[in-house]
Amino acid sequence: MKVAVLGGTGSFGKALAGRLVALGEDQVVIGSREASRAQVTAAELGGGAVGATNEDAVRDAAFAVLAVKADGALDTARAIADALGETPLLSVASAIAFSNTGVKPDPDALSLAERIQQVVHGPVVAGLHSIAAANLDAEPADEDALICGDDAAKLVAGHAIDAGPLASARTLEGLTAVIVNVNRRYKAHAGVRITGLRS
Ligand SMILES: NC(=O)c1ccc[n+]([C@@H]2O[C@H](COP(=O)([O-])OP(=O)(O)OC[C@H]3O[C@@H](n4cnc5c(N)ncnc54)[C@H](OP(=O)(O)O)[C@@H]3O)[C@@H](O)[C@H]2O)c1
C-alpha cells in the first residue's frame, strides 16, 4: 500500500515514516512543501521511500498521514484536498498553546481533525497524538495508540485502540497538552497505556 506522510521531513513524520519503512509492508512517500527536502529525507530513510511535494505525494496514495506542523495543518489540508480526493487521511496534529503557566489545549470548540474533515473530501481519522516522535524512532513504542474514527497501523507494542468518533479527537488533541506538560516537568517522553482491555 502506498502511504504518503505529509510533513515527513519533520520530527514526527520522519520517525513515523521510518517505522513504516522498517515494517516493510508499505511504499512510503515523504511529502514536503519542497520536493527536494522530501527527497533528502526519503534517501536518508532508504527502503524504497521516495520524496515529493505534499500534493504529488497524495495523488495515488492509498492512505495519507498529515504530519505537518500543527499551525500549517488546516492550510495544508486545503491545499491537498483535490489531489487527495477520497483517500483517508490520518491527522496527528494537536493545536496546543504554550504559555507561562504551561501548555494548554486549543480553545476552539472543534478539534483540528474535525476542522480538517470540513475541508477534505475523504474520511479523516485522528490519532497517535500521545506518541512522542522520540519514542517512535527505534523499537515499537511501549504504549498504546489511540485513534478516533478508524483503524491503526502496527506502530506500537501496545494496542491500537478505537477511541470513538472523530469528535473524540477534541480530547485526544487536548491530551497532548497534558503530556507535553508531563514531559517538561519530568524531562521524559511520556506515553499512554489504557488498562482494563481484553485483547
Ligand atoms: N513531535 C512529536 O513528538 C509529536 C508527537 C505527536 C504528534 N505530533 C504532531 O505531528 C505534527 C508534526 O510535529 P513535528 O514535531 O514533527 O513538527 P515539525 O518538525 O516542526 O514540522 C513538521 C514539518 O511540517 C512542515 N511545516 C512546517 N511549517 C509548516 C507550515 N506552516 N505549513 C505546512 N507545513 C509546514 C515542515 O515540512 P517542510 O518544510 O518540508 O514542508 C516540517 O518538516 C504536529 O502536528 C504535531 O502536533 C508531534
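When a ligand or atom number is given, it counts from 1 through the structure's own listing order.
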**OP:** Go through ligand 1 atom by atom and flag the ones less than 4.0 Å from a non-hydrogen atom of A70.
**Re:** 44 (C), 45 (O)
**OP:** Please report which non-hydrogen protein atom sits nearest to atom 4 (C) of ligand 1, along with the residue it belongs to and the distance in Å to one decimal place.
**Re:** F12 CD1, 3.4 Å
Subject >> Atoms of ligand 1, numbered as shown, that sit under 4.0 Å from any heavy atom of R37 >> reply: 38 (P), 39 (O), 40 (O), 41 (O)
**OP:** Identify, for atom 32 (N) of ligand 1, the protein heavy atom at the shortest distance, and state residue, atom and that distance.
**Re:** G72 CA, 3.5 Å
Subject >> Element-labelled atoms of ligand 1 that are located less than 4.0 Å from some non-hydrogen atom of S94 >> reply: 47 (O)
Original post:
Of the protein's non-hydrogen atoms, which lies at the shortest distance from atom 41 (O) of ligand 1, and what is that distance?
Top reply: R33 N, 2.8 Å
Original post:
Considering only the protein, which heavy-atom contact is closest to atom 12 (C) of ligand 1, and what is its distance?
Top reply: A67 O, 3.2 Å
**OP:** With heavy atoms of A133 as the reference, note each atom of ligand 1 found under 4.0 Å away.
**Re:** 1 (N), 2 (C), 3 (O)
Original post:
Any idea which atoms of ligand 1 are less than 4.0 Å away from a heavy-atom of A132?
Top reply: 3 (O)
Subject >> Protein heavy-atom partner closest to atom 24 (O) of ligand 1 - residue, atom, separation in Å >> reply: K69 N, 3.0 Å
Subject >> Flag for E114-S111: side-chain donor and acceptor within less than 3.5 Å >> reply: yes
Subject >> Region of H129 that comes within reach of ligand 1 [heavy atoms, distance under 4.0 Å] >> reply: backbone
Original post:
Which residue and non-hydrogen atom of the protein lie closest to atom 19 (O) of ligand 1, and at what distance in Å?
Top reply: S11 N, 3.2 Å
Original post:
D71: heavy atom below 4.0 Å from ligand 1, yes or no?
Top reply: no
**OP:** For atom 5 (C) of ligand 1, find the nearest protein heavy atom and state the residue, atom name and distance (0.1 Å precision).
**Re:** I131 O, 3.0 Å
Subject >> atom 44 (C) of ligand 1 - nearest protein heavy atom and its distance >> reply: V68 O, 3.3 Å
Original post:
Going by the order shown, which atoms of ligand 1 are within less than 4.0 Å of some heavy atom of L128?
Top reply: 6 (C)
Original post:
Numbering the atoms of ligand 1 from 1, which are under 4.0 Å from a heavy atom of T9?
Top reply: 36 (C), 37 (O), 38 (P), 40 (O), 42 (C), 43 (O)
**OP:** State whether the side chain of N54 and the backbone N or O of L6 hold a donor-acceptor pair below 3.5 Å, judged by distance alone.
**Re:** no
**OP:** Give the atoms of ligand 1, by number and element, whose distance to some non-hydrogen atom of S32 is under 4.0 Å.
**Re:** 38 (P), 40 (O), 41 (O)
